[in-house]
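First the proteins, then the strands, lettered A, B, ... as listed; each starts at 1. As the structure is a prediction and not an experimental result, all values here were calculated from the model.
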Amino acid sequence: MDKLWQDAGGADRATDDPALVIDVTGFEGPLDLLLHLARTQKVDLARISVLALAEQYLLFIDSARRVRIELAADYLVMAAWLAYLKSKLLIPQQAKGDDGPSGEELAATLAFRLKRLEAMREAATRLINRNRLGRDVFARGAPEHIPHNVESAYDATLYDLLSAYANLRQRTAVTQVTIERRKVWSLVDARELLTRMLGEIVDWTTLQHYLLPYLPPEDRVTATASAFAASLELVREGKLEIRQDGAFQPIYLRKGPGPQPPVPAQPATGGVD
Amino acid sequence: MTPQEDDDDLTIADEAGEEPVAFSLAEVERIAEALVFASAEPVSEAFLAERLPRGTNVNAVMQRLVEIYAPRGVNLIRTGDRWAFRTAADLSFVIRNDSETRKLSRAALEVLAIIAYHQPVTRAEIEEIRGVQTSKGTLDVLMEAGWVRFRGRRRTPGRPVTLGTTPDFLDHFGLEELRDLPGLEELKGAGLLSGRIPPGFAIPIPVNVDELSDDEDPITQLDLEELGLLTPGGDAEE
Amino acid sequence: MTPQEDDDDLTIADEAGEEPVAFSLAEVERIAEALVFASAEPVSEAFLAERLPRGTNVNAVMQRLVEIYAPRGVNLIRTGDRWAFRTAADLSFVIRNDSETRKLSRAALEVLAIIAYHQPVTRAEIEEIRGVQTSKGTLDVLMEAGWVRFRGRRRTPGRPVTLGTTPDFLDHFGLEELRDLPGLEELKGAGLLSGRIPPGFAIPIPVNVDELSDDEDPITQLDLEELGLLTPGGDAEE
């Protein structure tokens, strides 16, 4: 893919410039970033080139990685998914059936999600620009009574109740724990990332293939170790399947069939409870 | 249930249950307007029905008051099943007060819109739409503002809690009911309020993917910089 | 109440002092009434003069509004040189403040929440969760509000009384059933529980329990009196 971009622009060496800073803080997550990139295509969202979009996103993440910007897991999961999507789109269409949705279907899903998010943004803008109470429109400034349907002489909202409870439980739980900023990927992190990535990707896939390239180099060892440990746990729970064709061969993962019943289901045996 | 039939006179039984007092329609209107006018909070029809002479058609009375106040600087409006007097929206320019309203973050605003248009909606669904986890404090802010509430639980595995908007949300944004949300029908029609891709939603996939299509320009590093995606020469730390 | 067709138009100078905007007398009236309506305090003529188009005869405008509102349920009245809307004197009976609602104290909210989540729960258990003694007034308040009830007696030594919530509790807080109360994940997600949560920290899933559980006996009136839980005319103090 690098080739594509070198051909097209010829300017991406500039990312080696150490002074270059990537501003990801302004984005509300990977979809927001994608939406922004899509707008630069200056076409209707229903007509965007998903492939070009995926390229732009991966280029962006790549640049961020080169200047060692720490990216939230969300961005990495999206990068992995887009790399996967790209490969699906570039590979000639396979026989349909067992391999889950086609690249076209996945691309349509992405375009739909972008359009839906954009629609919600517009709705939010229209909402906030309405004539709002306390800004454009006002209530009686000097009320003379407060109407309540007087079943209860006391006033409290569910929010009051829940926040009181949450505060109390938190206060009384012993929490004098300060944990130093971690340098390793915890099992929990790895598990979360794996689960989300495999929720999006249905094919057999390897970690090395999609995810690891986007991690900072110094994180790769710990991420691999944690991901492997977490994957075993996920397999045990039936949420994941693992395949390895031989010793030292790549380990393939895919989404599992779901929790396994403790005993294999035996149809029509005369079992009585 | 049928207290009739003195044309436009209604009767109200005195608390002590003595002689009923007759009220003219004008009188009933006066009481209704006093009840609503005196309150900063919207007043429910149930509350009004309880206080107005028995047999009053509350809605009809309120509709008449709406007409009477429509041309004035203070209007009678309906929000949900409640009534309130509010200053006329077109006078915003004279009495507008920016200092009073809190600024919502962009994320909070987006979450609010998603809850309003998709309700009842779970947190996982909100995150699916936004493609990002909801940071702590976002829902919190919306609940504290009194615009968002826990509604119940979805009858699906895991029984996730669903979120929705409150009556105060309607009041704050000047909506009579949720159906008045701007653009609701079009969004629904376009299938954008559902979790599934609407039938017929398709995007063209370029055949020769390595080449840019006619309406595309190659993107360059420079473009990214211009767009503020890459800021050159910033200090390289967060 | 009919807005006047008016011959004499007034002008207001734009802030920037450019072309003056013309306001009809009806318009000026509308602005004046909105200003008085929205103000928390009676409004001085000087304040009005400042906001109304330059050259407005404020007093004349207000006099006209007084006339317009005179027959209505709400009157414009003058106190000193200030103006305010007040409920018509003859209607003061309808807005009598018969039900002043009080905010629940923080302690009461906490106890109520514990009862809701942990029911059936005894008083000792509540105190264990809160880490402080619960004053009797607190429970009284919750009982008086109609949200908490005695359920039964635990079949343990001392046979302590168990507490639970009432159907009114669900009504008031807009819950269909107790299980609709958000759990740990949801409280976290909403930002209500923040920071680090120690391992083993759990929030019970409240069960809908109209029937007594296996370890509860029914309660009798006699029990309550014996326990001193029902004090005749106990004042609820915090």
>> As an exercise: rank B/Leu193, B/Leu175, B/Leu112 by heavy-atom pairs under 4.5 Å with chain A and give me the winner.
In response: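 Option with the top pair count is B/Leu175.
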>> Using a 4.5 angstrom heavy-atom cutoff, name the option from B/Ala34, B/Ala113, B/Gly174, B/Pro182 with the most pairs to chain A.
In response: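 The answer is B/Pro182.
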What are the two closest heavy atoms between [X] and [Y], and how far apart are they?
X	Y	result
A/Ala139	B/Ala40	CB-O, 3.7 Å
A/Leu117	B/Glu110	CD1-OE2, 3.5 Å
A/Ala119	B/Leu192	CB-CD1, 3.8 Å

>> Please classify the contact of A/Leu162 with chain B as side chain, backbone, both or neither, using a heavy-atom distance under 4.5 Å.
In response: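 Contact with chain B is through the side chain of A/Leu162 alone.
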Measuring from [X]:[atom1] to [Y]:[atom2], what's the distance to the nearest 0.5 Å?
X	Y	atom1	atom2	value
B/Glu144	A/Asp160	CD	CG	9.0 Å
A/Ile128	B/Leu109	CD1	CG	4.5 Å
A/Phe112	B/Ser194	CZ	OG	4.5 Å
A/Tyr159	B/Thr166	OH	OG1	13.5 Å
B/His118	A/Arg116	NE2	CZ	6.5 Å

> Between A/Gly141, A/Gly29, A/Ala123, which has the largest tally of heavy atom pairs under 4.5 Å with chain B?
Replying inline: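 Most pairs with chain B among the choices: A/Ala123.
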For [X], which atoms come within 4.5 Å of any heavy atom of chain A: side chain, backbone, both, or neither?
X	value
B/Asp140	both
B/Ala107	both
B/Leu184	neither
B/Leu187	side chain
B/Leu181	side chain

>> Name the residue from A/Asn131, A/Asn129, A/Leu127 that meets the side chain to side chain contact (heavy atoms under 4.5 Å, CB included) definition with B/Phe173.
In response: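 Only one of A/Asn131, A/Asn129, A/Leu127 forms a side chain to side chain contact (heavy atoms under 4.5 Å, CB included) with B/Phe173, namely A/Leu127.
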Can you confirm whether [X] sits close enough to [Y] that some side-chain heavy atom of one is under 4.5 Å from a side-chain heavy atom of the other?
X	Y	value
A/Arg140	B/Ser39	no
A/Met120	B/Tyr117	yes
A/Leu31	B/Glu128	no
A/Phe27	B/Val132	no
A/Leu158	B/Arg149	no

> Under a 4.0 Å N-O cut-off, is there an ion pair linking B/Arg86 with A/Asp136?
Replying inline: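 Salt bridge flag = no for A/Asp136 with B/Arg86.
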> Thinking salt bridges, do A/Glu28 and B/Arg106 make one under a 4.0 Å N-O criterion?
Replying inline: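 So A/Glu28 does not pair with B/Arg106 through a salt bridge.
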